[in-house]
Peer 1: 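I have a structure I would like to understand better, so I am pasting it below and will then ask my questions one at a time.
Note that ligands are numbered from 1 as they come in the structure, with each ligand's atoms numbered from 1 the same way.
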Amino acid sequence: MDDLIVAGGTVIGPDGRMAADVVIRDGRIVLLGDAAGLPGRRIDATGHLVMPGGVDSHCHIEQLSGAGLMNADTFETATRSALRGGTTTTVSFAAQHPGMRLADVVADYEARAVRGALGDYAFHTIVSDISGDNLSVDLPALLARGHRSVKIFTVYDKVRVADEAILDILHTVRQGGGIVCVHAENDGMIRWMMRNLVAAGQTAPRYHALAPPRLAEVEALNRICRFAEFMGQPVMLFHISCAEGLAVVREARARGVPVVAETCPHYLFQTVDVLEGPDAAGYLCSPPQRLAADQAALWGGLETGDLAAITSDHAPYRLDASGKFAHGADAPFPRLANGQPGLEMRLPLMFDAMVSDGRLGPERFVELTATAPARIFGLTGKGRIAPGMDADIAIWNPARQVTLGKTLDGAGYNPWAGRQVTGWPETVIRRGDIVVQEGRVLASPGSGRRIPMALSPAMAPRPPMHGLGG
Ligand code: DUC
Ligand code: ZN
Ligand code: ZN
């Protein structure tokens with residue numbers, strides 16, 4: 001097979017940019033520099049930015065939700081959509097519900113991805129039931145097989161884990177090597193708010209802005225940071241939405257607690273106002289959108305590095321009885337499915353803000369949307385353009401103006417439809433194959449590969465504080 005040469009573009013890395021050609025052989029980058037005169041098929045990237053394919057380390061694909069609802073995507077639809085938006089690697093969830101055997105759950109999600117995925121992928125193992133062999137046998141075996149990220153919830157009936165079990169999970173992951181991701185909100189505070197709002201007849205989606213209160217996030221983040229400190233186990237805190245939540249993260253990191261955190265485009269670009277309109281259900285997510293002042297704080301967290309990654313939290317549900325309205329068209333807001341689709345729009349939205357509008361710039365865009373997620377989760381070969389890395393590349397036309405429209409995922413609506421962005425990933429390459437060209441996705445289902453997670457510095461355990469020894 002001929003080499004593929006991405007010629008004449010500006011290559012963006014997390015630490016800088018350079019005018020360089022990229023030579024690709026057998027799916028890998030073999031040269032970054034001057035390829036003039038070298039043989040091979042050429043893609044002319046003149047005037048374009050050559051960036052690593054996106055790594056979206058938080059997306060829900062073909063997954064049973066915490067409320068027991070199957071979402072609207074298959075691995076095929078979700079990863080096709082991801083590729084068109086420039087994302088070549090996804091980390092989605094293998095979701096254990098109580099009573100399920102952990103090993104079977106992961107095998108099931110793996111089989112679905114093997115069949116359907118067009119992009120490369122890894123999983124977070126959602127642990128909700130530590131009984132039987134789940135914690136003692138299955139989880140250590142999964143960690144050893146490169147399923148090194150575990151996800152836990154402090155909320156939601158089917159997946160919530162109590163404090164003592166959380167400590168058991170942190171302890172087990174510490175021994176096997178890995179990272180624990182957490183959806184951290186206080187369950188009791190949310191339930192109390194929902195019960196009282198519904199009792200007062202305040203059932204419209206707009207009340208969702210109050211029901212997962214800011215302090216519910218603060219309380220649970222604080223507790224999880226203390227657990228991470230107590231156990232000396234690294235934790236990734238998902239979807240930070242508000243200034244006080246970020247302050248908890250910042251303070252814990254300043255104390256040396258091994259926590260990293262992420263936020264999502266909907267917290268950076270949407271406020272509670274989206275829950276006021278007739279389309280509110282389509283925007284409903286948890287934690288909810290907050291205020292403009294929170295957005296400013298989150299941008300500050302991205303600047304300082306207290307927020308290390310931007311992920312989509314893609315959680316697609318159709319606006320009908322199969323999804324959002326599974327409990328009826330007039331269901332009170334606590335019974336509407338949570339989440340919005342975002343896999344395809346994540347990078348165009350962030351490119352528009354960070355590169356076209358100049359907020360933090362292209363290097364930070366690459367770091368936050370590709371390099372850091374790959375590094376944190378030990379996704380070897382991903383997230384950077386350098387010799388030896390997988391040739392996962394998005395070639396961006398920085399001048400192209402696009403009005404966001406229909407996406408390829410299964411949700412059937414795009415919460416960002418109608419918004420104008422500048423910059424588009426016109427050509428996308430995955431392990432050396434051109435998988436998106438002129439808006440068409442060329443990869444076939446099943447051509448994605450699982451990327452086993454390697455031990456990463458972000459997973460390095462610290463001395464525990466419990467006094468029982470390491
Ligand atoms: N919040 C989550 O934590 N996950 C999926 C959807 C949502 O809104
Ligand atoms: Zn969550
Ligand atoms: Zn999520």
Peer 1: How far apart are the C-alpha atoms of Val366 and Glu363, what are their side-chain angles, what is the distance that settles it, and do they pass the side-chain contact (heavy atoms from CB on, under 4.5 Å) test?
Peer 2: CA-CA 5 Å; Val366 162; Glu363 288 83 1; 5.9 Å; no
Peer 1: Apply side-chain contact (heavy atoms from CB on, under 4.5 Å) to residues Phe365 and Glu367 and explain how you reach the verdict.
Peer 2: CA-CA 5 Å; Phe365 168 80; Glu367 161 72 13; over 6 Å; no
Peer 1: Just need the protein heavy atom nearest to atom 3 (O) of ligand 1, so name the residue and atom and give the distance.
Peer 2: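 In this structure, atom 3 (O) of ligand 1 has His183 ND1, 2.8 Å as its nearest protein heavy atom.
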Peer 1: Does Thr311 use its side chain to pair, donor to acceptor, with the backbone of Ser57 at less than 3.5 Å?
Peer 2: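 No, the answer is negative, given that no donor and acceptor are paired below the 3.5 Å cut-off.
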Peer 1: Find out whether Ile385 and Met389 are in side-chain contact, i.e. whether some heavy atom of one side chain is under 4.5 Å from a heavy atom of the other.
Peer 2: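 No, too far: nothing below the 4.5 Å cut-off.
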Peer 1: Does any N or O in the side chain of Tyr121 come within less than 3.5 Å of the main-chain N or O of Thr89, such that one atom is a donor and the other an acceptor?
Peer 2: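 Answer holds: no.
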Peer 1: Answer yes or no: does an N/O atom from His58 fall short of 3.5 Å to an N/O atom of ligand 1?
Peer 2: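 Between His58 and ligand 1, no N or O pair is found under 3.5 Å apart.
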Peer 1: So does Glu164 have more than 12 non-hydrogen atoms from other groups sitting under 6.0 Å from CD?
Peer 2: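 At most 12 heavy atoms, drawn from other residues, nucleotides or ligands, come within 6.0 Å of this atom.
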Peer 1: For atom NE2 of His97, is the number of surrounding heavy atoms from other residues, nucleotides or ligands below 6.0 Å larger than 12?
Peer 2: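 Yes, the 6.0 Å shell around NE2 holds more than 12 heavy atoms from other groups.
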Peer 1: What do you get for the angle at the Zn ion (ligand 2) between ND1 on His183 and NE2 on His239, to the nearest 10 degrees?
Peer 2: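 That angle works out to 90° after rounding to 10°.
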Peer 1: Distance under 4.0 Å to a non-hydrogen atom of Cys285: what atoms of ligand 1 satisfy this?
Peer 2: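 Contacts of ligand 1 toward Cys285, numbered from 1: 8 (O).
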Peer 1: Considering just N/O/S atoms, say which atom of His58 is closest to the Zn ion (ligand 3).
Peer 2: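 For His58, the N, O or S atom at the smallest distance from the Zn ion (ligand 3) is NE2.
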Peer 1: Can you find a heavy atom in the side chain of Ile179 that is under 4.5 Å from one in the side chain of Val173?
Peer 2: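 They are not in contact (no side-chain heavy atoms under 4.5 Å apart), so the answer is no.
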Peer 1: Taking just the N, O or S atoms of Asp313, which one is nearest to the Zn ion (ligand 3)?
Peer 2: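 Nearest N/O/S atom of Asp313: OD1.
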Peer 1: Of Cys59, Ser286, Pro287, which has the heavy atom at the shortest distance from atom 8 (O) of ligand 1?
Peer 2: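 The residue whose heavy atom sits nearest atom 8 (O) of ligand 1 is Ser286.
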Peer 1: Taking only heavy atoms of His239 into account, list the atoms of ligand 1 that are under 4.0 Å away from them.
Peer 2: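 Going through ligand 1 atom by atom, the ones under 4.0 Å from His239 are 3 (O).
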Peer 1: Out of Leu284, Asp313, Asn71, Asn338, who gets a non-hydrogen atom closest to atom 2 (C) of ligand 1?
Peer 2: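 Among Leu284, Asp313, Asn71, Asn338, the closest heavy atom to atom 2 (C) of ligand 1 belongs to Asp313.
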Peer 1: One residue to check: Ala315. Relative to ligand 1, which of side chain, backbone, both or neither has a non-hydrogen atom less than 4.0 Å away?
Peer 2: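 For Ala315, only side-chain atoms sit under 4.0 Å from ligand 1.
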Peer 1: Can you tell me if an N/O/S atom from His60 lies under 2.8 Å from the Zn ion (ligand 3)?
Peer 2: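 So His60 does bind the Zn ion (ligand 3) by this criterion.
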